[in-house]
Structures are given as structure tokens and as C-alpha cells.
Amino acid sequence: MKKLDRKQIAARLARDIPDGAYVNLGIGLPTLVADYLPKDREIVLHSENGVLGIGPRPAPGAEDEDLINAGKEPVTLLKGGSFFHHADSFGMIRGRHLDYCVLGAFQVSVHGDLANWHTGAPDAIPAVGGAMDLAVGAKNVLVMMEHLTKDGQSKVVERCSYPLTGARCVNRIYTDLAVIDVKADGLHVVEIVGELPFDELQRLTGVPLKRLATAA
Amino acid sequence: MKKLDRKQIAARLARDIPDGAYVNLGIGLPTLVADYLPKDREIVLHSENGVLGIGPRPAPGAEDEDLINAGKEPVTLLKGGSFFHHADSFGMIRGRHLDYCVLGAFQVSVHGDLANWHTGAPDAIPAVGGAMDLAVGAKNVLVMMEHLTKDGQSKVVERCSYPLTGARCVNRIYTDLAVIDVKADGLHVVEIVGELPFDELQRLTGVPLKRLATAA
Amino acid sequence: MIDKFIDSAAAALADLPDGATVMIGGFGNAGMPAELIDALIAQGAKQLTVVNNNAGNADAGLAALIGARRVRKIICSFPRQTDSWHFDKAYRAGELALELVPQGTLAERIRAAGAGIGAFYTPTAFGTRLAEGKETRRIGGRDYVLESPIHADYALIKADRADRWGNLTYRMTARNFGPIMAAAAKITVAQVRETVALGELDPEIVVTPGIFVQRIVRIAPLRRAA
Amino acid sequence: MIDKFIDSAAAALADLPDGATVMIGGFGNAGMPAELIDALIAQGAKQLTVVNNNAGNADAGLAALIGARRVRKIICSFPRQTDSWHFDKAYRAGELALELVPQGTLAERIRAAGAGIGAFYTPTAFGTRLAEGKETRRIGGRDYVLESPIHADYALIKADRADRWGNLTYRMTARNFGPIMAAAAKITVAQVRETVALGELDPEIVVTPGIFVQRIVRIAPLRRAA
């Protein structure tokens, strides 16, 4: 079974971001998407810590500790960028001004519930950051994750067993096996990776999937 | 009976504003206070329309229509001044950051209720502006008004007959006859103008006044 | 490529429909988008709900829009002015609904819309006629009134400089309602004194980031006789 | 005369009492008032409630304050980091209370304190564990959670430039929590890179007006080897 690697998932997702979009890339895996955004599109990247217009990583030695993203990595600023404080930054998120945010996930339910902040382990130290704000705030919430856990369980589930980040908030899921839209009437497969038959994807996923006319 | 004129009330009030205070002067009569602030004190004037550090009126011909106060009069800006938007400006007011505001009044009650925005006439077009925000927001609400109406009624009353601007919000009243503190246990006369006997002030005012040791 | 510059005020408002809620910036003449209001009058949309601090004065701008009977409702803090005769007449004739809101509550309700806040408790107006019928709540010994956001379809504002991404700076007290209205409206149209190349606005001094602005029209300031 | 400049970080924090609620600015190293935190450690106040986005990392700053057992409670959005061992240890030992708040709700609660808002409804965290036990409300078809302001006795923040009235500018993403914490605290102490004469800060680019700032300490930036 051919699977996409992380970079390929990022590249696949990046193709769907249109020219002119305002986008927040979550910490970790989603940050990869920045490297694959089409060069002929102007896409404005937002970070929760008060910046719009993030550019590429700085050259080694050119880092500035006052210019970082929400993952606390050094970044650069494009022409047209701007700075603002944390309340304004989350006002932007919560007020539905971002066109897209991209988040990692432990699980996504058939209703679009998202679990990505807490494993549920009783002794775990909880930490949420800005994930809950992004989950309810962005116009389109895109999830990027592997389709299966290490032991082969589907991360697309009937009901999240991990604590929720947001309820009914995910719009589209990009995995190493497929692209799936979350709609009111269920999950619609938009695209399947490689030669994987729909029935096999359905078997691996467990929860009911609908086949789009355009899907293999 | 000697009474203060409007400028004298403004001058009397101005003496009580300490060095370093942040102050909003309401539209109309209170604006006069600016002319009498002691020159040896740095007092920062705020206006609701998004400015701190208002300076004197501009010279004729030097007005700028983008630099006005809440009364829509041209002003100047002192060194150290700053501009901000309306939500930030009223956050400043509501968040109790202003040390003083000075407001005119139709009536003030013995409990410190303030009526200054509406005559109560059924056919009047209502207009409130920023008065209700200032009334609840400033740390000290100072009222500046004539003691009596044109037909000799006290404007310090048991209960306001005009619609309220704010409940239990006034701290001190400056009139053409006296300076009166509004406290939990009633009205305390801080100062009487000229030779007016306390009993005569009491008679004119109608509601019970307490005499401070320092008052005449 | 992002290019929010539009050639004319007329083009920037062409799709504004009847019945729209329109925020109009400005406090007095400072920040008043006069040319955009003129374009709105020429455009013809009616049954508008207008959000502004005032209700127009003399015979131009918002007053003219009201005089042309294009406003169904106005949400403002201070409609009554010595020269607000168009408003006064329409209001007294019962042709125009008025929602009177304390100025700080007006600003905060606009801000709440842009920031995704569902409702908030403010101490302003508690115990007054303007809080009648509203839900109240005592919090930490202080009384508060529950207030709702004001969303708009369009915001017409005036700024100073803009780049093609829509970043704005303002000039002195002309800033007033501009930044919060820009965030509260689906489509924000800003008239600006000057357009500049991308990168010319210092990112530290941008007041309204471009994400809040959809259309920009440059209106050259009038030359005044010396 | 207004002069908010203070000679040393120690003098600026001398009156900070045991049991105080202290907001500490910064997101990562950007905007972290390192020298003020060091001064707070030296000052000795204990039983503190600390508001910060994180809960300290490695062995310096907030982590050292926690390591010295001076923090009773921390309100933050993201305590768990690979090197947050001082927090982890105190938390697991039950010596430190944690109030975990989504980052945007944390920012808005701080903003509400400074702006005199009694409480507000946010959509964030509805239906999650972090909204358990909280009042909720359906408004316009969307679900919201009621949240309260966070007030502080002191805010320790880092800015870039300041004048003697307390006006502040920031540098890039070091702005983060500084402006809202300054407004939410009774006493705001800002460490700045540079102090300037009154009038040198353009009034258009002041981010935090001096009304929100009580004390300013200039901390010369470290010279780094080339």
C-alpha cells in the first residue's frame, strides 16, 4: 500500500490553499505546509503570537529572537506583514477572519469533532495553547494526520475517545491515504492515494465513507 | 449672595486635580477646566475619540480637522500624547484607568446618582454620547454645575427626576455655591463660597447636608 | 496576487444591496469617509441600517443619505445635534428607527463582532433607561448589563495610507471607529489619502492589518486655497 | 511632573507583596522580561499567582521562580514543554495549582480586565473538558462559554522604547501579551531597551499609552560577541 510521507501530505494540502488566503499553520506537522505553498500565489501566514505575513526561515545566523512563530521557531517577515498584540491576534482567529487553519490531530470524528491536545492519560500534564481557538475560529479547519495509529487503528472515528479540542469543527482531513471532507451527511472521500481501492480505504477506516464521483 | 461664575467654578475644580492625573473633561462646561489647570502640574487630558495628552486650543488658522476632542473642537497634542481607536479609548474609561472625569449635570442625588443626558421630555430626541461610560468608569467623577435651576430649585436632590446617566457614581460636586462630597453616609460640605452661612446653603439645597469641620 | 486597490468609490460599492447593515466611520469630520458616503448615495441602495456615532449633520454625507430616505434604522450614540435636521425630521415622522447606544458600548459591541465574542457584560448604563429590558448581572459587587455584538455587511471607513494587501494607517483622531469597524464588517471599504508600495508601511505601525480590509479607494485630498 | 523612570529593577519591585497576582509578559523569549523576573526572584515575595502563556522552561526566569517554591498557582495555556521540569515537578508534587486556559481565552480574559468588561461569552472550548462546569449559552445558533476577566496586582513586561510618561513601543513579536497585561494590572512595570525624551515617540506609533504604565526600568541589551 502506497502512503504519502509527511512532506507529501503537506504538499497535497498546500495545493488546496488559494491565492490571497489568510492561513494559520499549527505547531508541528502543519508547519511543513509553508514549504509547499505554490510560489505563484500570495498567501498570508498568520501566527497566534501576533504576526501576519510570515516568510521563510531566516538564514543561519540571521535569526532574531523577537521574530518567532507560535512554535517559537525563528521566522522572517514578508513585505506587507504586520505585528499586533495577543488579544488582537486571537480576535482575528475567533472572529472568523482566517480563511484556513491547519491542525494536527489524534482523532477526528465523523461529525468533525477534533481531538489533538490531550491523550487523556490521567497523569499527563495538560497543555492546550491556541488549538481550541483555531478549531472554532477559522473559516475552514483542515486536519493533517496519518490515517492510522501505529497499531493500525483508524484515527477517523465514530466518536473521539481522546478529550476534544473542538466539537464539529473540522472541514477536511488530509491523511497519508486520502483526502476526506466532513459534511453534515457524513464523510466524503475526495481523493485516494495511489492505487488503494475505495473498499480497502473503507475497511481501514471503519466508519462509513461516501465515495465522490471524482474519487477513485 | 455671592456666587461663582462658570469660570470660577472651573478654576476652583482645577485646583483639586493633582500632578500626574489622567483626566477627561466632559463636553461643554467642563471643558473650561483645562484653562485653569495649574501650570506647574503635568496633567494628561483624555478625550473619548481616542487621544491622550490634549494641549491648548490651536492658534487660529492652525486647526487640523483630524485633531479634535469629543466636543468636536480643534485641539493640539502635547509631547507625550498618543492616539488609539474608540474601543481602546472606552476600555481606558470603563477599565477605571482615568483618575478623574468632570461632567455637567441636570441633577445629582444624595446617593450620587447623576442625571445629565436627557430632560425626560417625551418628545426630546435622546442622545447620550460617552457620558454613561464616563460616569461608571472614572475613579473619581466630579460634577460641575450651578447649584440652583433658573427658578431656584436645588439641582442636588433626594432622587433624580430626570433619567439617570449613572447610579451612585458621583464623588464630588462643584457648584457656584459650594463644594460637596458624596459619601456613603450622605453629603458633606467641603467648602462654601463667600460668606454664605451653612444654614442658608442647607435651606437652598433642601436635602440634608453635613458640615465638615473645615467648612464655614 | 493580492491587490485590494479599486479604481473608484462607485466600483467599490457597486454590490452593496438594499437592506444592508453599513458601518460608517468617523467622529465629526475626522475619519468621515465623505467620498464613500457620496458614492453610496449615488449607488441607490435603500432600507439600510447605518451604524455611526452620530446621525448626520447639515445637508451632506450621512444627513443627505437620511434626507434621501435610504436609511431604515440608525444605531448611534449621539443623534441630536444643532444641525441634525434630516435625522430629526425623519425620526419625528416615524420613518427612521433609532437604537441609541452609549458610545463606549457602541464601540465595544462593534469590537465584539470583529473579535468573535458572543456577548459581554458592561457596567455602562446599568440602572438607566438605556438598560431597560436588558439582562443584568452582579459580578464582584458591581452591576453589569449584557450587550450583543453589532455585525455589519459593509464598513465604510477613512484611513491615511494603505498598501495593496490592505494594511492601513490613520491620521490622529481620524482613527476613531475605523479599526473596529473594519474588523466587524464582511466587506470593508477604506478610502485613503495615499496608496504606497508593499513594504513601505513599517509593520510596527500598521494599525489595521490587511486581513480586515477588502477594498481600498484612493481619494486625493482637496487642495485648499492658501 | 510625570516621571515613571526607576533606577533599578529591584526598586521597581520593592513593594510587591506576598500573595500578589503577577502577570509576566512574553511568548518564548520574545518579550520575556528576564531581568524583572530575576529581580522578582531576588526580592523574595512568595505565594504568588503567576499569569503567563507558559510555565517556565529550563532553569532560568519563571522556571527558577517556580523552582524556588514562590509560586502558588499558575494561570497559563501551555505549561508542558520538553524542558519545563521545575513546573512538572512542583505540579506532580501537588505544590502548585494550575488553571489551564486556551490561549485566546487567556488573552481575552486579560483584555477584559483592562477594559472593564465583567464577563464575556467565547465560542472557544465549548464542548470540551476546559469548559466543564462553566456556564454556557447558545447565541445566534452558536454555542458559547462564559469567561471572567483576570486582574493582576502587577504586570512585568518587556517593551522596546519608553518616554517618561510611560508610553511604550515594542519590537516585532515581542509585543505579544505586553499591551493587554499593562492594562490589566494595577502596577505595570516595563523593562525597556531604550528610554527617550518626551516627544520622541511619534503619537501614531505608541502601542501602550502611558496611562497603563506605572514604572519603567531601562535594561541595556547584552552585547553579543560578533
Side-chain angles (χ1 to χ4, degrees), chain A residues 27 47-51 54 61 63-77 81-96 111 113-115 117-118 120 123-137 160 162-169, chain D residues 25-32 53-55 57 76-81 84 87-88 91-92 98 100-112 114-115 122-131 142-144 158 160 170-183 207-208:
Chain A
I27 296 173
S47 194
E48 298 95 293
N49 55 321
V51 52
I54 292 177
E63 299 89 351
D64 187 317
E65 74 172 8
D66 286 342
L67 184 51
I68 59 176
N69 65 14
K72 294 169 187 165
E73 300 158 330
V75 295
T76 55
L77 191 76
S82 56
F83 299 112
F84 33 87
H85 63 56
H86 245 81
D88 281 349
S89 185
F90 279 89
M92 227 173 252
I93 295 171
R94 204 192 301 108
R96 296 199 169 275
H111 301 295
D113 296 342
L114 170 68
W117 72 287
H118 197 301
D123 65 335
I125 293 176
V128 65
M132 288 188 180
D133 303 281
L134 288 163
V136 302
C160 295
Y162 292 136
L164 292 194
T165 305
R168 294 173 183 268
C169 59
Chain D
F27 184 92
N29 287 328
M32 186 179 67
N53 188 61
N54 300 103
N57 53 336
C76 73
S77 86
F78 209 87
R80 186 190 66 227
Q81 299 189 267
S84 57
F87 169 82
D88 297 4
Y91 177 73
R92 293 199 193 283
L98 168 67
L100 188 75
V101 184
Q103 197 171 145
T105 302
L106 181 66
E108 190 67 10
R109 290 177 64 190
I110 295 168
R111 190 262 173 193
T122 177
T124 301
F126 179 86
T128 77
R129 187 180 277 200
L130 294 188
R142 203 172 179 198
D143 293 304
Y144 294 84
K158 181 180 177 182
D160 191 47
Y170 299 83
R171 191 165 174 275
M172 302 195 278
T173 58
R175 186 181 304 194
N176 58 68
F177 285 94
I180 52 176
M181 287 184 171
V207 174
T208 295

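Just so we're on the same page: letters track the sequence lines, and every chain starts at 1.
- The part of A:P163 that comes within reach of chain D is its side chain, from C-beta onward, which places non-hydrogen atoms under 4.5 angstrom from that chain.
- Neither the backbone nor the side chain of D:Y170 comes within contact range of chain A, judged by heavy atoms closer than 4.5 Å.
- Taking chain D as the reference chain and counting heavy-atom pairs below 4.5 Å, the highest number among A:V51, A:V136, A:D66 is found for A:D66.
- Counting only distance, with no hydrogens or angles, the side chain of D:R175 and the backbone of A:G50 share no donor-acceptor pair below 3.5 Å.
- With rounding to the nearest 0.5 angstrom, the CD atom of D:Q103 is 7.5 Å from the CG atom of A:N49.
- Residues that satisfy the side chain to side chain contact (heavy atoms under 4.5 Å, CB included) test with D:N29, not counting sequence neighbours, are A:E65, D:M32.
- Atom CG in D:D143 sits 10.5 Å away from atom CZ in A:R168 (nearest 0.5 Å).
- Contact of D:R111 with chain A is made through the side chain alone, with heavy-atom distances under 4.5 Å.
- Between A:I27 and D:F78 the shortest side-chain heavy-atom distance does not fall below 4.5 Å.
- For the side-chain contact (heavy atoms from CB on, under 4.5 Å) criterion with D:T173, the lone passing option out of A:L77, A:V75, A:I54, A:I68 is A:I68.
- Here the CD-CG distance, from D:E108 to A:D133, works out to 10.0 Å after rounding to the nearest 0.5 Å.
- What you find for D:P102 and A:M132 is that their closest heavy atoms are CG-SD, 3.9 Å.
- With contacts defined as side-chain heavy-atom distances shorter than 4.5 Å, the pair A:F90/D:T122 does not qualify.
- Only the side chain of D:N54 comes within less than 4.5 Å of a heavy atom in chain A; its backbone stays farther off.
- Only the backbone of D:V101 comes within contact range of chain A, judged by heavy atoms closer than 4.5 Å.
- Contact check for D:R92 versus A:D123: side-chain heavy atoms found under the 4.5 Å cut-off.
- Using a 4.5 Å cut-off between heavy atoms, D:S84 does not touch chain A at all.
- Heavy atoms of A:L67 lying under 4.5 Å from chain D belong to its backbone as well as its side chain.
- Ranked by heavy-atom pairs under 4.5 Å with chain D, the first of A:P126, A:A87, A:C169 is A:P126.
- Between A:I125 atom CD1 and D:L98 atom CG the span is 8.5 Å, to the nearest 0.5 Å.
- For D:A112, the side chain to side chain contact (heavy atoms under 4.5 Å, CB included) partners at least two apart in sequence or on another chain are D:I117, D:F120, D:P149.
- Closest approach of D:T128 and A:T165 over heavy atoms only: CG2-O, 3.4 Å.
- When heavy atoms are compared at a cutoff of 4.5 Å, D:R142 approaches chain A solely by way of its side chain, counted from C-beta outward.
- To the nearest 0.5 angstrom, D:R80 atom CZ is 9.0 Å from A:W117 atom CH2.
- Comparing D:P123, D:A107, D:G127 by heavy-atom pairs within less than 4.5 Å of chain A, the highest count is held by D:P123.
- Among A:E48, A:R94, A:H118, the residue making the largest number of heavy-atom pairs under 4.5 Å with chain D is A:R94.
- Below 30°, between 30° and 60°, or above 60°: for A:H86 and D:F27 the angle between ring planes is between 30° and 60°, a tilted geometry.
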